[in-house]
Amino acid sequence: MNAHKAAVKTAKARRANIRDERYWTKVDIKDAAHHGKECITKTIYYIENLDWLKKNGFQYTKHSHYEDLYIISWKDANI
């Protein structure tokens, strides 16, 4: 395998991981909203998903003690 093919496979895997994290974030938000909660605490590893949350009207704040943990709220969001 040459370097170009390795780079392409790495890029595809990264995009798949971003999509997977976004999918499970949606599932967690819908489940919490169904139970009447107004926020969740979730680990977000990819900056693209934070941008996606902001674009869809979610508010998030970084947890004070953990590096990748965010508190996500959806008061005015498009659920």
Side-chain angles (χ1 to χ4, degrees):
M1 182 183 316
N2 62 22
H4 176 70
K5 285 187 180 181
V8 169
K9 285 187 177 204
T10 302
K12 281 185 177 183
R14 185 176 194 283
R15 286 193 304 268
N17 289 340
I18 291 170
R19 282 191 307 267
D20 188 49
E21 182 179 82
R22 189 173 295 174
Y23 170 77
W24 287 111
T25 302
K26 287 179 192 178
V27 168
D28 291 342
I29 288 172
K30 286 182 181 183
D31 185 47
H34 178 73
H35 287 36
K37 296 181 180 177
E38 294 184 3
C39 66
I40 61 171
T41 303
K42 178 121 178 98
T43 303
I44 304 289
Y45 294 109
Y46 296 100
I47 302 299
E48 292 88 348
N49 287 334
L50 291 175
D51 296 338
W52 172 80
L53 285 169
K54 189 172 185 176
K55 183 182 85 170
N56 286 317
F58 294 93
Q59 293 90 26
Y60 60 88
T61 56
K62 193 169 181 76
H63 195 278
S64 60
H65 297 292
Y66 299 101
E67 185 176 330
D68 294 328
L69 201 62
Y70 291 89
I71 300 167
I72 302 169
S73 173
W74 52 83
K75 253 186 182 175
D76 303 323
N78 303 329
I79 297 178

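Values below: all heavy atoms of this structure, side chains included; hydrogens, waters and symmetry mates excluded. The model shown is predicted, which means the values in this text are computed figures rather than measured ones.
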**Report entry** Atom NZ of Lys37 with >12 non-hydrogen neighbours under 6.0 angstrom
**Finding:**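 No, NZ of Lys37 has 12 or fewer neighbouring heavy atoms, counting only those of other groups under 6.0 Å.
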Report summary line: So the salt bridge (charged side-chain N to carboxylate O under 4.0 Å, His left out) pairs with at least one residue in residues 41-52 (sequence neighbours excluded) are Arg14-Glu48, Asp28-Lys42
Query raised in the report: Heavy atoms, side chains only, cut-off 4.5 Å: are Ile40 and Trp74 in contact?
Result: yes
**Report entry** Side chains of Leu53 and Ile29 in contact at under 4.5 Å (non-hydrogen atoms)
**Finding:**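 Yes, at least one pair of side-chain atoms sits under 4.5 Å.
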Distance-only donor-acceptor pairs under 3.5 Å for side chains of residues 1-9, two or more places apart:
{"unit_1": "Asn2", "atom_1": "OD1", "unit_2": "His4", "atom_2": "N", "d": "3.3"}
{"unit_1": "Asn2", "atom_1": "OD1", "unit_2": "Lys5", "atom_2": "N", "d": "2.9"}

Requested in this report: Using side chain to side chain contact (heavy atoms under 4.5 Å, CB included) as the criterion, list what pairs up with Asp31, not counting sequence neighbours.
Outcome: His35
Query raised in the report: What residues join Ile71 in its hydrophobic cluster, counting side-chain heavy atom gaps under 4.5 Å, either direct or through other members?
Result: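 Once heavy-atom contacts under 4.5 Å are chained together, Ile71 still belongs with nothing else.
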Would you tabulate the side-chain donor-acceptor contacts of residues 18-27 under 3.5 Å, counting partners in other chains and residues two or more places apart, or write 'none'?
{"unit_1": "Asp20", "atom_1": "OD1", "unit_2": "Trp24", "atom_2": "NE1", "d": "3.2"}
{"unit_1": "Glu21", "atom_1": "OE1", "unit_2": "Tyr46", "atom_2": "N", "d": "3.4"}
{"unit_1": "Glu21", "atom_1": "OE1", "unit_2": "Asn49", "atom_2": "ND2", "d": "2.5"}
{"unit_1": "Glu21", "atom_1": "OE2", "unit_2": "Tyr45", "atom_2": "N", "d": "2.9"}
{"unit_1": "Arg22", "atom_1": "NE", "unit_2": "Asn49", "atom_2": "OD1", "d": "3.0"}
{"unit_1": "Arg22", "atom_1": "NH2", "unit_2": "Asn49", "atom_2": "OD1", "d": "3.2"}
{"unit_1": "Thr25", "atom_1": "OG1", "unit_2": "Glu21", "atom_2": "O", "d": "2.7"}

**Report entry** Shortest non-hydrogen contact from Cys39 toward Ser73
**Finding:**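 Shortest heavy-atom contact: CB-CA, 4.1 Å.
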Report task. Would you list the pairs meeting side chain to side chain donor-acceptor pair (under 3.5 Å) in which at least one residue belongs to residues 63-72, sequence neighbours left out? Result -> none
